[in-house]
Trainee: 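Got a structure for you, written out below as structure tokens; questions coming shortly.
We name chains A, B, ... by the order of the sequence lines, and we start the count at 1 in each one.
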Amino acid sequence: MRDYASPGVAIVAVGAILVAGVYVLAVLDRLLGMIVAGTSIRLGALLAEPVQSGALLVLQERRTTERPDAAGWALAPALFGGLAAVALAMVPLDRDIVAADPATGFVVFSAAIAMVMIAIYLHGWSPNSAFALHGAYRYGAQALSFQIPFLLAMLATALPAESLSIVDIVDAQKSVWNVVREPAGLPLYLVVGVAVSFWGPLNLPDAADLAGGTVVEDSGLDRLLWKGARAAMLVAVAAMGAAVFLGGWWGPWLPGPAWVVLKTVALLVVLLASGHLLARVRIEQFVFVSWVLLIPLALLNVFVSGALLL
Amino acid sequence: MARAGLQLGLKQALGRVAAGAPVPVFAVAGQGAREHVQDLRLDGRLRLVDSPGAAMVLLIAGGLPDGLAEPLAHLHDSLPHPRATLWWPLGAGPATWPQQFVPTIETRDGVSETLQAIQRELLRGQRPGEPPILPDEDPVPWKGVGPYGQGGTGMTGGTPYGRPMAELGADRDGLRLDVLPLRIGPFFPRFPPGLTLDLKLAGDVIVDVAPVESPFAGAPPVGVCRAGARIFVDALSQPVPVAGLELARAREHLRWLADALVAVELGSLGSRVLRLAAELRTSDGDSIRTLGRALRRTQAIGWATNGVGRIPAAAVEGLGAGPIARAAGLPEDERTHDPAYSGLGFEPIVQRDGDAAARWRQRLGEAAQSLELAARAGDRRTVPTGSVESPRGRLDGEGNATARFLHLLPGVLQGLEWGDAVTTLVSLDLDFEEAVFAETARAGAVAS
Amino acid sequence: MTLEAVLVVAAALFGIGLYGALSQQSFVMLMMGLELMINGGILALAALWSRSAGGNPQGQMLGVVFMTVMAAEMSLGFALITSVYRVRRADITEKLRRLKG
Amino acid sequence: MNGLITDGVFWLFAVGSVVTAFRVFRTDSMMRAAFFLLASFAGVGGILALLGAEFLGMVLILMMAGEMLVMAIVMVMFMMNPAGLNPMWMVHQHRVAVVAGAGSFLALASLPFVVDLPDRPAPRPEEATAELGTELLGGSMLVFQTAGVTLLSAMIGAVVIAHRNGRFGEAEQGSLEPALEPPGEEKG
């Protein structure tokens, strides 16, 4: 076993960072939306809106459908949020500031990403509703397609560190960031990152053509938790991208944690902007592109970065 | 006791915070209300939502035929507590409906304020949430034996819970798998008001589809004609200014575009287009061309629409299907017969592919062309010939393009995945209101 | 967390898996039984590796081989289910009396 | 104290994974069965991590998540009653199966108490992952490569078997070799 924060500290810290991250994400998303829509921006309203809408959802009652799987329905957002927390816990803020640094941090993160599809499937299946189930199936197709390029894109970053620990991976980027070492890695990771948390152009399970997809039957707290968990996952994906591709805490002048936050926000802006600037992708196209284009590209990325290290 | 007090205090505190949130509204657009509902998207004080589960207030706008009473009651009951209803009749006659649906506001001004006030009252507990209209019972009665109402013994015995097991149907991979019968509409937010489809889905793929007759069609109008379609209906019977007609056409196309952008998850860009449509002037041709470039860059015309919902020219020949026909390469346009257009150098724009992308390009091209025509038209007036080219195709006393096109819909949608089917339906720009008012215009009794 | 405790848990998983594999008619449920048996095997293996074999890395290696077997079993099993359904429209073992064709 | 927490977590995972494993065969919906099976695997993955085989445990969870999703899709495709509206009880040779299951459990569970297993705990559990990596690409390279090739051939085989076009024409036609007789009435 390597460094672990004590359980209480880790849970509180990760929880607080997650909530803060989700809030920042909500504000950023709204801000980008307003810029694209060309509406005038009032800072006060912008900052208050996520809190107000959240409070509104807390006060709305839960809804039920005919013969749902109540346990699964309640469990799905919790599972999704928990997975986001596990994924985020792997990201180091500095060499010594990390909630958990298992030797297999990379695999833990990947396992959390893989379990996301179970959370979404559970969420779509349990309300016993046609649109929700359709959303769940779409994510199934989407997830099975992006798993392999995702693993390969991240795997290439573990090569220079010769370790699966995220701290080691970041540490190995002292002189050169991985984004320079393997230029194909970050774009691949970002495409797949949008797909993991089904944002913007790859929002197929909760799409507008399904009137909300897996979330269509949710109201009140269910909806708040689901949206929150989804946003948390995007934060975790951005934070991990900042760690393994953009050199995590490495950077001049500022202290390490500040760099991590800055890089995470920068990646978040890119990920969120894609939601306002790119049209929804058809599932058929995404599956095709994943298997035919992304997997060979990711393989090539691994081979090249491996060859460069020899 | 103390715990209950704490809970109440917390609730009140949250209520005060939540009162300032944009009101989540599920809006139903009845007759004459399409633009009014659409314009609400630009209002930052409220938020139009796609699912009743996300809404706090049900906004019913415009005239609603009696056929919608029952689906509307179901919709009302599926809003979470606390909930409220606001009917905004827009000049429609009184309804003989449950008391939730009595008119509550008359004018455009104040809709947002009223919605906000309703939300505030609901959250503070000053206004009771509305009780359900329908009794809370299962649509199919509980029957059968055993704790789950199964039909018999074993896995496949009888009809469990009064519901038939799914039947087998052909699949495109040659497997025979279960198909799911499903009715979608009449309030599905991506559909035009009044469209209901009876579907059979195998997974994501539409095996069979049948449009259910629109509650708007065939009945006398229950509301007033919506502003955007008004001038085209008027042009059937009286000369109208060409400039006004073309400006209205460009505006209708842009309004369609705003909705279509929401369907491909580009809601913020949709708001920008909507604002452009609301304030459109004849000099805005450049803005439309810039918009076309932006849409190609965002891939809204591109990966979302290329090759989707192809309708060959032969299928729509002679239907007067307007942009749908012209996108497939048929230069059918009623304006070519109108002497008012003869000196303007009007030449129908056509595309070749006939897919959804071609229809997007077609409408954008026509919007820009209409602005040019409007700028050149001066004070020319149309000559009533009994048929008009509306933004959706030939409009005459018999009906509009949607009515003539509807029987082709099953053939177009079969075999598509649901996402593509929605893209296709959106790109067709169906309208069930136009025909009703064109018919009444012929009878010389347009409500004004 | 003694060695015996882990091995008992592994045995329980194996037993449940064997029960499922023998009793279930549906192909997929049958495969679930098989998976559980392998699962118990991996658990026992890891316990012996960690507590009794002195952490010999070849023990973990064997675990990797077990997982390979599991993955191969799953992929071929699902392919066979699809194929059998395509030809015979069968989803339970009783509908398959011959294995040919 | 630390050992107490580890023990508590172990028993949580152990009881959880056995109970959910049992529930797999005692639920009315195949979907729930798949979720229970995944829960059972997640429990075992947790125990593996506690035992020091972190890599194996996490890979088990990673692999099973994808596998359960495929399983769920296959079940909804081909199996009846995915929603669990009817009670699901599809068993044969039940008594034999119960006896065999219970018997194998008793036999296997008694083994550690009968056999005298050597007590040699792993000396450096924190190095386990690195050791596995060295082993995979060192001494057991051949085994590792064989496993890889096996998986590849399983993948290709699966695609070939499941594909619509069999070796002797379309699969629905009952893709027999031309010389053989067509399938009889035992079909479907």
Trainee: Take D/F10 and C/V9 through the side chain to side chain contact (heavy atoms under 4.5 Å, CB included) test and state the conclusion after the steps.
Mentor: CA-CA 11 Å; D/F10 164 71; C/V9 171; 4.3 Å; yes
Trainee: Considering non-hydrogen atoms only, spot the tightest contact between D/A100 and C/L22 and give its length.
Mentor: CB-CD1, 3.5 Å
Trainee: Looking at C/L36, C/T2, C/L7, which one has more heavy-atom pairs under 4.5 Å with chain D than the rest?
Mentor: C/L36
Trainee: Between C/M29 and D/F25, what is the shortest heavy-atom contact and its length?
Mentor: O-CE2, 3.7 Å
Trainee: Side chain from CB out, backbone as N, CA, C, O: work out which of these in C/L3 comes under 4.5 Å of a heavy atom of chain D, or both, or neither.
Mentor: side chain
Trainee: Mind ranking D/L60, D/V59, D/V143 by heavy-atom pairs under 4.5 Å with chain C and telling me who comes out on top?
Mentor: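 Ranked by contacts with chain C, first place is D/L60.
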Trainee: For each of C/M70, C/E35, C/M32, C/E4, tally heavy-atom pairs with chain D at distances under 4.5 Å, and name the one with the top tally.
Mentor: C/M32
Trainee: With heavy-atom distances below 4.5 Å as the criterion, would you say the side chains of D/V74 and C/F27 are in contact?
Mentor: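 The answer is no, as the side chains (C-beta and beyond) never meet within the 4.5 Å cut-off.
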Trainee: Where on C/A5 is there a heavy atom nearer than 4.5 Å to chain D: the side chain, the backbone, both, or neither?
Mentor: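 Both backbone and side chain.
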Trainee: Could you look at C/L43 and say if it's the side chain, the backbone, both or neither that has a heavy atom under 4.5 Å from chain D?
Mentor: both
Trainee: Just do the side chain to side chain contact (heavy atoms under 4.5 Å, CB included) check on D/V70 and C/M74 with the steps written out, would you?
Mentor: CA-CA 9 Å; D/V70 175; C/M74 272 306 246; over 6 Å; no
Trainee: For the CZ atom on D/F36, are there more than 12 heavy atoms of other groups (residues, nucleotides or ligands in this structure) within a distance under 6.0 Å?
Mentor: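 More than 12 within 6.0 Å, yes.
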Trainee: Taking C/T68 for its side chain and D/A147 for its backbone only, find out whether a donor-acceptor pair lies under 3.5 Å.
Mentor: no
Trainee: First locate atom CZ of D/F22, then atom OH of C/Y19, and finally report the distance between them rounded to the nearest 0.5 Å.
Mentor: 6.5 Å
Trainee: Given heavy-atom pairs under 4.5 angstrom as the criterion, report whether the side chain, backbone, both or neither of C/A47 touches chain D.
Mentor: both
Trainee: Pick one of side chain, backbone, both or neither for C/V6, based on which atoms fall under 4.5 Å of a heavy atom in chain D.
Mentor: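 For C/V6, the contact with chain D is made by backbone and side chain together.
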Trainee: Contact part of D/M63 toward chain C, heavy-atom cut-off under 4.5 Å: side chain, backbone, both or neither?
Mentor: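 Contact with chain C is through the side chain of D/M63 alone.
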Trainee: Shorter than 4.5 Å, heavy atoms on both sides: which option in D/V98, D/T150, D/V96 has the most such pairs with chain C?
Mentor: D/V98
Trainee: Examine whether an atom of D/L37 lies under 4.5 Å from a heavy atom of chain C, and if so say whether it belongs to the side chain, the backbone or both; otherwise answer neither.
Mentor: side chain
Trainee: Roughly how far, to the nearest 0.5 Å, is the CG atom of D/L50 from the OG atom of C/S50?
Mentor: 10.0 Å
Trainee: So does C/N56 get a backbone contact from the side chain of D/E131, meaning a donor-acceptor N/O pair under 3.5 Å?
Mentor: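 No, because the side chain of D/E131 does not come within donor-acceptor range (under 3.5 Å) of the backbone of C/N56.
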Trainee: Provide the closest heavy-atom pair for C/L13 versus D/V18 in the form atom of the first, atom of the second, distance.
Mentor: CD2-CA, 4.2 Å
Trainee: Does C/S52 use its side chain to pair, donor to acceptor, with the backbone of D/P118 at less than 3.5 Å?
Mentor: yes
Trainee: What part of C/E73 is in contact with chain D, defined as an atom under 4.5 angstrom from a non-hydrogen atom: side chain, backbone, both or neither?
Mentor: neither
Trainee: Before giving the answer on side chain to side chain contact (heavy atoms under 4.5 Å, CB included), spell out for D/S140 and C/Q58 the whole-Å C-alpha distance, their side-chain angles and the decisive distance to 0.1 Å.
Mentor: CA-CA 8 Å; D/S140 304; C/Q58 284 175 354; 4.2 Å; yes
Trainee: Out of C/I16, C/N39, C/V64, C/L76, which one racks up the most heavy-atom pairs below 4.5 Å with chain D?
Mentor: C/N39
Trainee: May I ask you to decide if D/A128's main-chain N or O and C/Q60's side chain share a donor-acceptor pair within less than 3.5 Å?
Mentor: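 The answer is yes, because a donor-acceptor pair under 3.5 Å joins these two groups.
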Trainee: Measure D/S110 against the heavy atoms of chain C and call it side chain, backbone, both or neither at under 4.5 Å.
Mentor: neither
Trainee: Between D/L48 and C/A46, which heavy-atom pair has the shortest distance, and what is it?
Mentor: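 Heavy atoms only, the tightest pair is CD2-CB, 3.1 Å.
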Trainee: Side-chain contact, heavy-atom cut-off 4.5 Å: C/S75 with D/M155?
Mentor: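 No, every pair of side-chain atoms sits at 4.5 Å or beyond.
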Trainee: Check step by step if side chain to side chain contact (heavy atoms under 4.5 Å, CB included) holds for C/R51 and D/R120.
Mentor: CA-CA 6 Å; C/R51 293 296 144 94; D/R120 278 192 296 146; over 6 Å; no
Trainee: So which part of D/A107 gets closer than 4.5 Å to some heavy atom of chain C, the side chain, the backbone, both or neither?
Mentor: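 Contact with chain C involves no heavy atom of D/A107 at all.
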Trainee: Taking all non-hydrogen atoms of both residues, which atom of D/L132 and which atom of C/M61 are closest, and how far apart?
Mentor: CD1-N, 3.9 Å
Trainee: Considering only heavy atoms, which portion of C/V8 lies under 4.5 Å from any heavy atom of chain D: side chain, backbone, both, or neither?
Mentor: both
Trainee: C/F14 and D/S104: which non-hydrogen atoms are nearest, and at how many Å?
Mentor: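 Shortest heavy-atom separation between C/F14 and D/S104 comes out as CD2-OG, 4.1 Å.
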Trainee: So, taking the atom named NE2 in D/H94 and the one named CD in C/Q24, what distance separates them when rounded to the nearest 0.5 Å?
Mentor: 8.0 Å
